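Taking it in order: structure first as structure tokens, then the write-up.
Since we're looking at a predicted model, the values are computed, not measured. Note: hydrogens, waters and symmetry copies are ignored here, and every other heavy atom, side chains too, is used. Proteins come first, then strands; the chains are lettered A, B, ... in the order of their sequence lines, and each starts at number 1.
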There are 2 protein chains.
Amino acid sequence: MSQDIPVTGYAILGLLTFGDELTGYEIKQRADVTLRFYWVSPAMSQIYTELRRLSDRGLVVADVRRDGGREDGREVTTYAITDAGQEALRAWMDQTPAGFPVLKHPVLLRLLIGHVTETEQTRQMLHDYVAELDQALADLSAVRESLRGADEPGQPFRFPSLVADWGLDYFDAEKRHTRLALASLGETGPEGETATA
Amino acid sequence: MSQDIPVTGYAILGLLTFGDELTGYEIKQRADVTLRFYWVSPAMSQIYTELRRLSDRGLVVADVRRDGGREDGREVTTYAITDAGQEALRAWMDQTPAGFPVLKHPVLLRLLIGHVTETEQTRQMLHDYVAELDQALADLSAVRESLRGADEPGQPFRFPSLVADWGLDYFDAEKRHTRLALASLGETGPEGETATA
DNA sequence: ACAGCCATGTAACTCGTTACATGATTAC
DNA sequence: GTAATCATGTAACGAGTTACATGGCTGT
């Protein structure tokens with residue numbers, strides 16, 4: 001029937017299962033704080049394209065409204081998941097294998113061919129990565145905190161909390177690995193210096 | 001000059017810095033055992049496309065040869081990185097930021113919306129994931145072992161070893177996280193049973 | 001003889017991105 | 001008044017995939 005929907009489509013559908021009617025713009029914002037860590041943050045244009053597709057298949061309903069009710073006001077379209085959408089999402093979850101994660105890790109890719117450049121350059125890259133990880137950790141921590149109070153079994157944010165904790169641990173592990181790599185490069189680099197951070 | 005090369009192009013270029021002349025087919029095999037874990041394993045057609053591009057820009061040289069030297073034999077094309085290729089790769093490493101990793105994690109995506117399906121279904125997914133992680137760990141361990149003996153500073157496989165160790169640790173951490181999630185689901189699931197594995 | 005691997009490529013297509021275009025609303 | 005944010009879309013394009021097509025070589 002409707003298995004020709006990209007995963008991102010189901011991801012958007014999933015965002016709509018948390019109870020609210022959302023505009024495309026709001027979906028983008030939600031994606032930026034959640035999906036972005038373990039899937040992608042789709043471009044606005046992609047979101048509108050996907051909403052169009054979901055709407056065509058009856059998996060979401062669009063609700064066009066005049067902002068503020070005025071005749072000349074701005075048109076705002078909110079989307080809600082339909083029963084058919086719930087079923088399609090459920091069928092996807094239950095009947096298609098999740099698949100193995102794909103990691104596009106430019107830091108590891110460059111580390112792999114570290115012999116092509118100076119050790120100092122590689123160290124710099126790793127330091128930069130740590131800084132970006134700190135930022136990601138801060139962002140994700142904030143999200144995780146915002147779920148407190150509704151993260152127990154039976155409560156709405158149980159699963160998002162589980163995922164956020166997993167993500168936090170993952171970023172921590174990345175920091176550890178980066179530091180280990182830095183240590184390995186620092187101890188035995190061409191120059192006699194040790195790691196600086 | 002030549003910054004219109006996709007990352008996968010540089011990745012292929014990188015594979016050619018380890019000393020051998022490789023055919024497109026062999027590049028695919030190398031990618032399947034190394035790149036696949038932290039970048040992607042490009043399709044054959046993508047590899048040939050990329051080799052064509054690199055060749056057009058003079059970053060690799062193609063060496064067309066008759067297999068076995070016979071006039072009617074099969075044509076085999078091997079590729080080697082050129083000096084210009086080394087420079088381009090180095091320039092890319094030194095002058096463009098690596099960028100933050102992108103993780104496409106269907107297991108986490110589905111766990112996030114776990115409330116859509118039965119807990120048992122989610123548990124099943126996590127169990128399957130553990131099995132796949134075991135496979136990945138076995139594969140990567142084999143690669144890592146094959147690097148032993150040339151993984152010290154100054155030796156050719158120092159950086160690949162560093163990356164392999166990082167990867168092994170990462171997969172271990174994923175297993176841990178999966179078990180934690182399973183525990184969390186098992187203890188408090190709707191049915192009174194505990195986790196089965 | 002035949003299966004399986006080695007080897008190379010083209011064509012069609014999809015996902016997703018960036019750039020462009022438009023305009024209303026809100027906060028300062 | 002004007003900058004930032006809210007809101008929606010189109011067009012062009014690029015990276016990468018699957019399907020298709022071809023054919024030689026190797027082991028049994």
Find the distance [X]:[atom1] to [N]:[atom2] and express it as a whole number of Å.
| X | N | atom1 | atom2 | result |
| --- | --- | --- | --- | --- |
| B:Arg65 | C:dT8 | CZ | P | 12 Å |
| B:Arg66 | D:dG24 | CZ | P | 11 Å |
| A:Arg52 | D:dA11 | CZ | P | 13 Å |
| A:Gln46 | D:dT10 | CD | P | 14 Å |

same_hphob_cluster(A:Leu89, A:Val61) at 4.5 Å side-chain heavy-atom cutoff: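 No, A:Leu89 and A:Val61 fall in different hydrophobic clusters.
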Closest nucleotide among [options] to the [X] side chain:
| X | options | answer |
| --- | --- | --- |
| B:Arg53 | D:dT18, D:dA15, D:dA7 | D:dA15 |
| B:Glu50 | C:dT8, D:dT17, D:dG16 | D:dG16 |
| B:Arg74 | C:dA7, D:dC6, C:dA19 | C:dA7 |
| A:Tyr48 | C:dG16, D:dT8, D:dG16 | D:dT8 |
| B:Tyr79 | D:dA7, D:dG23, C:dG9 | C:dG9 |
| A:Ala43 | C:dT8, C:dT17, D:dT8 | C:dT17 |

Modelled atom types, side-chain donor and acceptor of B:Glu120 and B:Gln124, under 3.5 Å: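 Not at all, the side chains of B:Glu120 and B:Gln124 share no donor-acceptor pair under 3.5 Å.
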Side-chain H-bond candidate by donor/acceptor type, A:Tyr129 with A:Glu174, under 3.5 Å: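 The answer is yes; a qualifying pair exists.
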Positive for side-chain contact (heavy atoms from CB on, under 4.5 Å) with B:Ile12, one of B:Val7, B:Leu51, B:Ile5, B:Leu22: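 Single pass found, and it is B:Leu51.
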B:Arg176 bridged to B:Asp169 by N-O distance under 4.0 Å: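 Result for this pair is no, no salt bridge flagged.
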Atom pair NE2/CG of B:His177 and B:Asp172 - distance to nearest 0.5 Å: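 These two atoms lie 10.5 Å from each other.
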CZ on A:Arg110 to CG on B:Asp94, rounded to 0.5 Å: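 Atom-to-atom, B:Asp94:CG and A:Arg110:CZ are 9.0 Å apart.
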C:dT8 base / B:Thr77 side chain donor-acceptor hit below 3.5 Å: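 Looking at the base of C:dT8, it does not pair with any donor or acceptor on the side chain of B:Thr77 (distance under 3.5 Å).
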Bend angle of the helix from C:dA1-D:dT28 to C:dC28-D:dG1, end axes from five pairs each (to 10°):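 For the helix from C:dA1-D:dT28 to C:dC28-D:dG1, the axes at either end differ by 30°.
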Sugar-phosphate, base or nothing in reach of B:Lys104, heavy atoms under 4.0 Å: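 Sugar-phosphate: the residue B:Lys104, judged by heavy atoms under 4.0 Å, touches backbone atoms but no base.
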